[in-house]
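Only one structure is covered here, and it is reproduced in the block below.
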Amino acid sequence: VQLQAFGGGLVQPGGFLALSCIASGNIDMINVMGWYRQAPGKQREMVALHTRTGSTNYDDSVKGRFTVSRDGAKSTVYLQMNSLKPEDTAVYYCYATGVTSMGSFYNRAHWGKGTLVTVSS
């Protein structure tokens, strides 16, 4: 499974940005897709996750500002980020786990290469 993210960039505080991530490969189904981020000097942290059944989970710092969504048919996950703050500056990584491929289930984590989001005036 390969994950490719799109949409990073520079935005002013209070602005918005949308990320997308497309999973490719021999994929039958993906249980969980979402986003993590890593700010300079900090550990990677979960931002938002979306399960195949529609459940979502957000870090408290982004609740009410970020929205994660999926297009299951296209193995794509999106992250709409509103009211961005300087502390949202980080490299954002697409994440997937619970992949069914050619009839076999794999519970390992898959990561994209990351896309940089910079929130600055």
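This is a predicted model, so every value here is computed, not measured. Only this structure's heavy atoms are used, side chains among them; waters, hydrogens and symmetry mates stay out. Numbers for residues simply follow the sequence, beginning at 1.
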* Do you know which of D28, I30, N26, I27 makes side chain to side chain contact (heavy atoms under 4.5 Å, CB included) with T100? -> D28

* Establish, from distance only, whether the side-chain atoms of S120 and T118 form a donor-acceptor pair under 3.5 Å. => no

* Spatial distance of atom CD (Q4) from atom OG (S20) [nearest 0.5 Å] -> 9.0 Å

* To do: Would you check if the side chain of T97 reaches a backbone N or O of N107 as a donor-acceptor pair within less than 3.5 Å?
  => yes

* Give every residue pair that meets the disulfide bond (SG atoms under 2.5 Å apart) criterion with at least one member in residues 85-121, sequence neighbours excluded. => C21-C94

* Shared hydrophobic cluster, Y92 / V68 (ILVMFWY, side-chain heavy atoms < 4.5 Å) -> yes

* Structure fact -> With sequence neighbours left out, the residues meeting side-chain contact (heavy atoms from CB on, under 4.5 Å) with V11 are L84, V119

* **Residues which pass side-chain contact (heavy atoms from CB on, under 4.5 Å) with R65, listed by chain and number, not counting sequence neighbours** => V62, S83, K85, D88

* Asked: Which pairs pass ring pair (Phe, Tyr, Trp, His ring centres under 6.0 Å) with one or both residues in residues 28-62, sequence neighbours excluded?
  -> Y36-Y95, Y36-W111

* **Interatomic spacing from CE in M81 to CG in L17 - rounded to 0.5 Å** => 4.5 Å

Return all side-chain donor-acceptor pairs below 3.5 angstrom for residues 39-49, not counting sequence neighbours, or 'none' if the list is empty.
{"residue": "E45", "atom": "OE2", "partner": "R37", "partner atom": "NE", "Å": "2.8"}
{"residue": "E45", "atom": "OE2", "partner": "R37", "partner atom": "NH2", "Å": "3.3"}

* **Under the side-chain contact (heavy atoms from CB on, under 4.5 Å) test, residues paired with S104 that sit two or more places apart** => Y106

* hydrophobic_cluster_shared for V117 and Y93, side chain cutoff 4.5 Å -> no

